[in-house]
Undergrad: 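Take a look at this one; I'll ask things after.
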Amino acid sequence: MTLSVAQVTFDCDNPRELADWWAQAIGSSMTNDWGEFVTVDGAPVGLRGLGFGRVPEGKVAKNRAHIDFHADDRASEVSRLVGLGATKVAEHEVPGLQWTVLLDPAGNEFCVSG
């Protein structure tokens, strides 16, 4: 097989603003800014990159795919992300796994487990 993950890309209305938020959230920095498309180095969280592309339509439904992160101290990490502007949506638990669902400032879902 010759496929490898290049990056995870988010559609949004303000790529630079959302890229800046995610760079802060994952402890990284923007790597490219072409106005309509901005990239962030994903290495701090084990990704090659995150991309943010301008689209004309707004988000109207739940994402069909999202990023799941792990944190050794989930509660502290969730609190930090909420402090940056994420919205806490829900807490879930199944035997051996707990996670928190959050939204980034553009409404994209992501999870933090611990």
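Keep in mind it's a predicted model, so treat the numbers as computed, not measured.
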Undergrad: Which atom pairs, donor and acceptor, lie under 3.5 Å between side-chain atoms of residues 2-13 and protein residues at least two apart or in another chain?
TA:
unit_1, atom_1, unit_2, atom_2, d
Ser4, OG, Arg48, NH1, 3.4
Gln7, NE2, Thr9, OG1, 3.3

Undergrad: Can you see which heavy atom on Ala25 is nearest to which on Leu84, and at what distance?
TA: CA-CD1, 3.8 Å
Undergrad: Please examine the side chains of Leu50 and Ile67, heavy atoms only from C-beta on, and report whether any two atoms are closer than 4.5 Å.
TA: yes
Undergrad: Say whether Phe37 and Leu47 are linked into one hydrophobic cluster, either directly or through other cluster members, by side-chain heavy-atom distances under 4.5 angstrom.
TA: no
Undergrad: Just to verify, what does Val94 make a side-chain contact (heavy atoms from CB on, under 4.5 Å) with, not counting sequence neighbours?
TA: Leu97, Trp99
Undergrad: Among residues at least two apart in sequence or on other chains, which ones pass side-chain hydrogen bond (donor to acceptor under 3.5 Å, both in side chains) with Asp104?
TA: Trp22, Asn108
Undergrad: Which heavy atom in Gly27 sits nearest to a heavy atom in Pro44, and how many Å separate them?
TA: O-CG, 3.6 Å
Undergrad: If you take all heavy atoms of Pro15 and Gly35, which pair is closest and at what distance?
TA: CG-O, 3.9 Å
Undergrad: Indicate if Trp21 and Leu103 have the same hydrophobic cluster label, given that clusters are the connected sets of ILVMFWY residues with side-chain heavy-atom separations under 4.5 angstrom.
TA: no
Undergrad: Going by heavy atoms in the side chains, are Thr100 and Leu81 under 4.5 Å from each other?
TA: no
Undergrad: Testing Val89, Thr87, Val112 for side-chain contact (heavy atoms from CB on, under 4.5 Å) with Leu102, which one passes?
TA: Val112
Undergrad: Which pairs count as salt bridge (charged side-chain N to carboxylate O under 4.0 Å, His left out) when at least one residue sits in residues 84-102, sequence neighbours excluded?
TA: Arg74-Glu91, Lys88-Glu91
Undergrad: What's the shortest heavy-atom distance between Arg54 and Asn14, and which atoms?
TA: NH1-CA, 3.9 Å
Undergrad: Quick one about His70 and Asp68 (side-chain donor to acceptor, distance below 3.5 Å, no hydrogens or angles considered), yes or no?
TA: no
Undergrad: If you look at every heavy atom in Glu77 and Ala71, which pair is closest and at what distance?
TA: CB-CB, 3.8 Å
Undergrad: By side-chain hydrogen bond (donor to acceptor under 3.5 Å, both in side chains), which residues pair with Thr39, not counting sequence neighbours?
TA: Thr31, Asn32
Undergrad: With sequence neighbours excluded, what pairs up with Asp33 under the salt bridge (charged side-chain N to carboxylate O under 4.0 Å, His left out) test?
TA: Arg16
Undergrad: I need the minimum non-hydrogen distance between His92 and Ala90, along with the two atoms involved.
TA: NE2-CB, 3.6 Å
Undergrad: So, Ser28 side chain and Asp41 main chain: donor-acceptor pair closer than 3.5 Å or not?
TA: yes
